[in-house]
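These numbers come from a predicted model, not from an experiment.
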Amino acid sequence: MKRVVLLALPVVLLSLIYRAIIPPPPRSCSTAGVPSQTPKIKLRDGRNLVYKEYGVPKNIAKYNVIYVHSFGGSKFEASLIIPQAIEELGVYFVSFDRPGYGKSDPHPKRSFKSLALDIEEVADQLELGNKFYVIGFAMGAHFVWGCLKYIPHRLAGAALLAPAINYWWPGFPSNLTKEAYDKQLIRDQWVYKVAYYAPWLMYWWNTQQYFPGFSVITGEFKLSQKDLKIAYSLDEMQLQQAYVTQQGEFESLHRDLIIGFGKPEFDPMDMKNPFYNNDGNIHLWHGVEDGIVSFSIEMSHVNFWAPREGIHP
């Protein structure tokens, strides 16, 4: 009997460990009941992306812009942009739930490249023309680098609003990277380490009860007073977590962490100017009071790119 118990115990422990670290499959998210005001696009691989349009009609727009939402955001996030400014400038905006978020189907092999190609397909299916603009906020801006890397020939311009950064991008000055990393909450430093060294532990790390999880998920991160006002606006726009993570936190939030802070897919510092004919610009906005991403390391983007590649702070 003792031998049976001794033999069975490791099997039971391994089974419990496996169940703890393996994320559940994404919950079903049928787009059949999506209201008409939030239509969907069927991509070449069969996935659906749900989107929402803002601004002036496409047929009279001077600028066609695709907005990429942040970590924990959705297609509704673009409504933060002041409608009067959009109309005065003649801008057509479209935003979509990124794969695994809201009502857009998940992509089990999601990457910077796959999202850039999704954006290109959105532009083609909505007939936005040979060139269009792309704007991303926070983690969404992080993925705009993927557009600059993989579909630069389709971009008329790009804007990064308070973009997240990968602390393991090799081109960043190591002293600035360490300084910015050390300023992060200890709990968040551990999440970045898990994303980089052990992404297969991401689900367990953010669901276990022994150590505190990622502060942005638990809502315990630092915000300036101005950012708190914006956060309140997001709540008012019904960006509840129930909608954002309805397919499960792993397919939305956890996968974002793995892609955004894991092994770098490429290094932005190695990229060439996508607008070598001066037919477009890259703009970067970042608040000096940002409590999540260091202002100093964001400026290293500008200091590196501005003299030779046309990035504007």
Side-chain angles (χ1 to χ4, degrees), residues 63-71 98-99 107 109-124 128-181 192 195-196 255-286 290 292-313:
Y63 309 97
N64 291 322
V65 180
I66 295 179
Y67 179 91
V68 189
H69 71 74
S70 65
F71 181 88
R98 292 197 275 110
H107 190 320
K109 296 183 179 179
R110 183 151 53 100
S111 65
F112 279 80
K113 185 174 184 177
S114 72
L115 186 61
L117 296 179
D118 284 353
I119 288 172
E120 183 177 32
E121 196 167 349
V122 167
D124 289 340
L128 301 188
N130 291 330
K131 295 208 172 198
F132 53 89
Y133 296 86
V134 61
I135 295 177
F137 174 46
M139 186 66 86
H142 192 46
F143 293 123
V144 167
W145 287 111
C147 296
L148 293 165
K149 169 70 174 178
Y150 296 112
I151 58 167
H153 58 290
R154 299 300 306 274
L155 302 182
L160 300 92
L161 313 180
I165 58 98
N166 188 323
Y167 295 97
W168 284 273
W169 274 337
F172 275 150
S174 58
N175 61 322
L176 287 180
T177 302
K178 186 178 185 307
E179 178 187 347
Y181 183 82
Y192 300 140
Y196 185 79
R255 200 178 288 280
D256 253 10
L257 292 171
I258 293 170
I259 298 166
F261 302 109
K263 296 288 173 60
E265 194 173 323
F266 60 90
D267 185 355
M269 298 301 191
D270 288 337
M271 292 167 54
K272 303 298 181 183
N273 182 7
F275 307 120
Y276 54 87
N277 290 325
N278 294 319
D279 54 352
N281 288 305
I282 305 168
H283 292 261
L284 189 153
W285 282 269
H286 199 86
D290 195 311
I292 301 174
V293 181
S294 167
F295 174 77
S296 62
I297 200 166
E298 288 296 357
M299 289 304 98
S300 70
H301 282 88
V302 178
N303 293 334
F304 184 83
W305 272 61
R308 63 187 186 95
E309 307 292 6
I311 190 169
H312 300 273

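- When all heavy atoms of Ile66 and Ala123 are compared, the pair lying nearest together is CD1-CB, 4.0 Å.
- Contact detail for Tyr150 and Ala116: the closest heavy-atom pair is CB-CB, 4.1 Å.
- Atom NE2 in His69 sits 15.0 Å away from atom CD1 in Ile135 (nearest 0.5 Å).
- Nearest heavy-atom pair across Asn166 and Gly262 is ND2-O, 2.9 Å.
- What you find for Leu128 and Asn64 is that their closest heavy atoms are O-ND2, 3.2 Å.
- Here the CD1-OG1 distance, from Ile165 to Thr177, works out to 6.5 Å after rounding to the nearest 0.5 Å.
- Atom CD1 of Ile258 sits about 13.0 Å away from atom OG of Ser111, to the nearest 0.5 Å.
- Residue Glu120 holds its CD atom at 5.0 Å from CZ of Arg154, rounded to the nearest 0.5 Å.
- Residues Pro152 and Pro274 approach most closely at CB-CB, 3.5 Å, considering heavy atoms.
- Counting heavy-atom neighbours within 6.0 Å of Tyr196 OH, excluding the residue itself, gives a total above 12.
- By the salt bridge (Lys or Arg N to Asp or Glu O under 4.0 Å) test, Lys131 is found to be paired with Asp279, residues two or more places apart in sequence or in another chain being considered.
- Within the model, atoms CZ of Phe71 and CG of Leu257 stand 4.0 Å from one another, a figure rounded to the nearest 0.5 Å.
- With rounding to the nearest 0.5 Å, the separation of CD1 in Ile119 from CG in Leu155 is 8.5 Å.
- Across all non-hydrogen atoms, the minimal contact from Asp267 to Pro170 is OD2-CG, 3.3 Å.
- For CG of Asn130, the number of neighbouring non-hydrogen atoms (other residues, nucleotides, ligands) closer than 6.0 Å is 12 at most.
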Requested in this report: Take Lys113 and Leu117 through the test side-chain contact (heavy atoms from CB on, under 4.5 Å) and record every step on the way to the result.
Outcome: CA-CA 6 Å; Lys113 185 174 184 177; Leu117 296 179; 4.2 Å; yes

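- Just one of Phe137, Tyr67, Phe112 meets the ring-ring contact (aromatic ring centres under 6.0 Å, His included) condition when paired with Phe143; it is Phe112.
- Looking only at side-chain heavy atoms (C-beta outward), Leu148 and Phe266 stay at 4.5 Å or farther from each other.
- The main-chain N or O of Gly260 is found under 3.5 Å from a side-chain atom of His142 such that the two form a donor-acceptor pair.
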Query - Audit row: Lys149, Glu265, side-chain contact (heavy atoms from CB on, under 4.5 Å) steps and yes/no - result: CA-CA 10 Å; Lys149 169 70 174 178; Glu265 194 173 323; over 6 Å; no

Requested in this report: With side-chain contact (heavy atoms from CB on, under 4.5 Å) as the test, would you mind laying out the steps for Trp169 and Met269 before giving the verdict?
Outcome: CA-CA 8 Å; Trp169 274 337; Met269 298 301 191; over 6 Å; no

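- Between Phe261 and Tyr167, the ring planes are parallel. Angles under 30° get that label, and only those over 60° would be called perpendicular.
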